**Q** 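Before we start, here is the structure in question, set down as structure tokens.
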Number of protein chains: 2
Amino acid sequence: MRHMNAESDTRSRILAVARDMFHGRSYADVGIQEICEAARVQKGSFYHFFPSKRDLALAVIDDMADDWAHGFVAEAFDPSLPPVERLDYMVDAAYYWQKASADLEGRMPGCLFGNLALEMSTRDDVMRARLNAVFDKARDQFRATLDEAVARGALAAMDTEATASAMLAYLEGVILLAKTRNDPEVILRLGPAIKTLRIEMAH
Amino acid sequence: MRHMNAESDTRSRILAVARDMFHGRSYADVGIQEICEAARVQKGSFYHFFPSKRDLALAVIDDMADDWAHGFVAEAFDPSLPPVERLDYMVDAAYYWQKASADLEGRMPGCLFGNLALEMSTRDDVMRARLNAVFDKARDQFRATLDEAVARGALAAMDTEATASAMLAYLEGVILLAKTRNDPEVILRLGPAIKTLRIEMAH
DNA sequence: CCCGCACTAGACCGACCGGTCTACTTGTGA
DNA sequence: TCACAAGTAGACCGGTCGGTCTAGTGCGGG
């Protein structure tokens, strides 16, 4: 019964707990001891699976990016939807996610990636690169959507890559503001304006 | 010669050093001991001026907000400029500021307020409120600019308050993305699209 | 049956954390 | 001249940090 799960249960328990804690607080603010207690695991086990706290964070990023890509991002960017509508779905998804946390814990955790990006970018280039990759993937989703909308004539020609980046930035910014206000409704109020962003092709 | 400066030199040295360190790294990552060393001050002096690390952070926020308001924000929102141009000035100001840091230290520190907002919002409501006030002031600058542009007929009628919030969010988001890429040029590339943001009046 | 290995348990480490405390220095007003 | 208070110096505090290490434990393959 020991090796029953691919990727042992202990490891995934640590990962899940760490994800929630890093998301709800910050990297520096959460200690390994605290993670171990919450995951009902001893230090020895922890360091058996993760060589360091930093490696845990890296694993959390990968784990969350995976869930994210297969979870609501995949849903929001549902190809059967008209492209422009997908943008609204993305905003809605962000809203409901944050609202659920706010209702449950009284706090808006914001975006794990955005949080970690601001906290760690100046301190750890490997983590920064990892976060960049996540943002690149998100931007590509936006870009594909915009490309399709342009191809269908739903939107005028534009620099879809730059506009996609702008939309991602806007979404992160809206979540940042909403978190600071601790009010998910901000996402609902400001989010839809994501569709008004536009960057023209260079010359 | 002791009380020559309003707000003693020691206090302002601590403040300046702490500001840079919090800005370039993070609140949790910077220790009081480290601040004291950089400011060439002893613990005793530190705690003479600041009751706690948290109060120092609060003071740093106020201090920076002040500099900010009287510094490039005041310049960028120069009332003698056509309103719409002020938005470009604001983006440019953000760019040059970040670029200067990047050239000097090799790292984009991003926006101190945005950084602290994401790090502390879920942990300290007083700090969150302080940061909110800073964001409110910034939004009001955007709003006044938009109001003026609408009054002059340079822009069509819109919900200027919501649009101002959206612009602030976008600016923060762009800076977040640029910091994650560690590339100030991102601000130059995405920033100008701030003018395309628009939220209509509700019904 | 028992060896080896993945895993767990938890004591332990030095460093550093934010914060306190006492002693001292020094300029100022009476 | 002297008392006082603002400010400085730095030893010290308990607690926690990330991380190490040794001693098991119990399952699987040979």
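Letters A, B, ... are given to chains in the order of the sequence lines, protein chains preceding strands, and every chain is numbered from 1. For clarity, every value in this text was computed on a predicted model and none was experimentally measured.
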**Q** Using a heavy-atom cut-off of 4.0 Å across all strands, would you classify A:K43 as base, sugar-phosphate, or nothing?
**A**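 Base: the residue A:K43, judged by heavy atoms under 4.0 Å, touches a nucleobase.
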
**Q** Roughly, in whole Å, what's the span from CG in A:L56 to C1' in D:dC17?
**A**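 About 15 Å, once rounded to whole Å.
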
**Q** Tell me what B:G31 touches on the nucleic acid: a base, only sugar-phosphate, or nothing, going by heavy atoms under 4.0 Å.
**A**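 Here B:G31 touches the backbone only, sparing every base.
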
**Q** CZ of B:R11 versus P of D:dG7: gap in Å, rounded?
**A**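 B:R11 atom CZ is separated from D:dG7 atom P by 11 Å.
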
**Q** Starting from P on D:dT8, measure out to CD1 on B:I14 and report it in whole angstrom.
**A**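 Whole-Å distance recorded here is 8 Å.
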
**Q** Grab the CG-P distance between B:D29 and D:dC17 for me, whole Å please.
**A**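 Those two atoms, CG and P, are 15 Å apart.
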
**Q** How many whole angstroms separate atom OH of B:Y47 from atom P of C:dG19?
**A**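 In whole Å, C:dG19 P and B:Y47 OH are 4 Å from each other.
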
**Q** Classify the ring geometry between A:Y27 and A:F22 as parallel (under 30°), tilted (30 to 60°) or perpendicular (over 60°).
**A**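 Judged by the thresholds at 30° and 60°, the geometry between A:Y27 and A:F22 is tilted.
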
**Q** Check this one for me: any side-chain N or O of A:Q42 less than 4.0 Å away from OP1 or OP2 of C:dG10?
**A**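 So the side-chain polar atoms of A:Q42 do come within 4.0 Å of the phosphate oxygens OP1 or OP2 of C:dG10, strictly under.
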
**Q** From the list C:dT8, C:dG19, D:dG18, which nucleotide is the closest neighbour of the side chain of B:I32?
**A** C:dG19

**Q** Looking at C:dG18, I'd like to know if its phosphate oxygens (OP1 or OP2) sit under 4.0 Å from a side-chain N or O belonging to B:Q33.
**A** no

**Q** Does D:dT8 have its OP1 or OP2 closer than 4.0 Å to a side-chain nitrogen or oxygen of B:T10?
**A** yes

**Q** With distance as the sole test, does A:S101 use its side chain to make a donor-acceptor pair with the main-chain N or O of A:P109 at under 3.5 Å?
**A**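 Flag not set: sc A:S101 to bb A:P109 has no pair under 3.5 Å.
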
**Q** Take the angle between the ring planes of B:W97 and B:H23 and call it parallel below 30°, perpendicular above 60°, tilted in between.
**A**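 Rings of B:W97 and B:H23: tilted, as their planes differ by 30° to 60°.
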
**Q** Determine, for A:R181 against B:D136, whether the closest basic-nitrogen to carboxylate-oxygen distance falls under 4.0 angstrom.
**A** yes

**Q** What is the separation between atom CZ on B:F50 and atom C1' on D:dG7, rounded to the nearest whole Å?
**A**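 Going from B:F50 (CZ) to D:dG7 (C1'), I get 14 Å.
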
**Q** Taking the side chain of B:F49 as its heavy atoms from C-beta onward, which of D:dG7, C:dG19, C:dT8 lies nearest to it?
**A**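 Nucleotide nearest to B:F49's side chain: D:dG7.
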
**Q** Using whole Å, what does the distance between atom P of nucleotide C:dC17 and atom CD1 of B:I35 come to?
**A**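 These atoms are roughly 10 Å apart.
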
**Q** What is the distance, to the nearest angstrom, from the CG atom on A:D9 to the P atom on C:dT8?
**A** 9 Å

**Q** Would you say a side-chain N or O of B:H48 is under 4.0 Å from OP1 or OP2 of D:dG7?
**A**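 Yes.
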
**Q** Taking for each residue the nucleotide of DNA chain C with the nearest heavy atom, is it A:G44 or B:E34 whose nucleotide lies nearer the 5' end?
**A** A:G44

**Q** If you assign B:V41 and A:V30 each to the DNA chain D nucleotide with the nearest heavy atom, which residue ends up on the more 5' nucleotide?
**A** B:V41

**Q** So A:V60 and A:L112, do their side chains get closer than 4.5 Å, heavy atoms only?
**A** yes

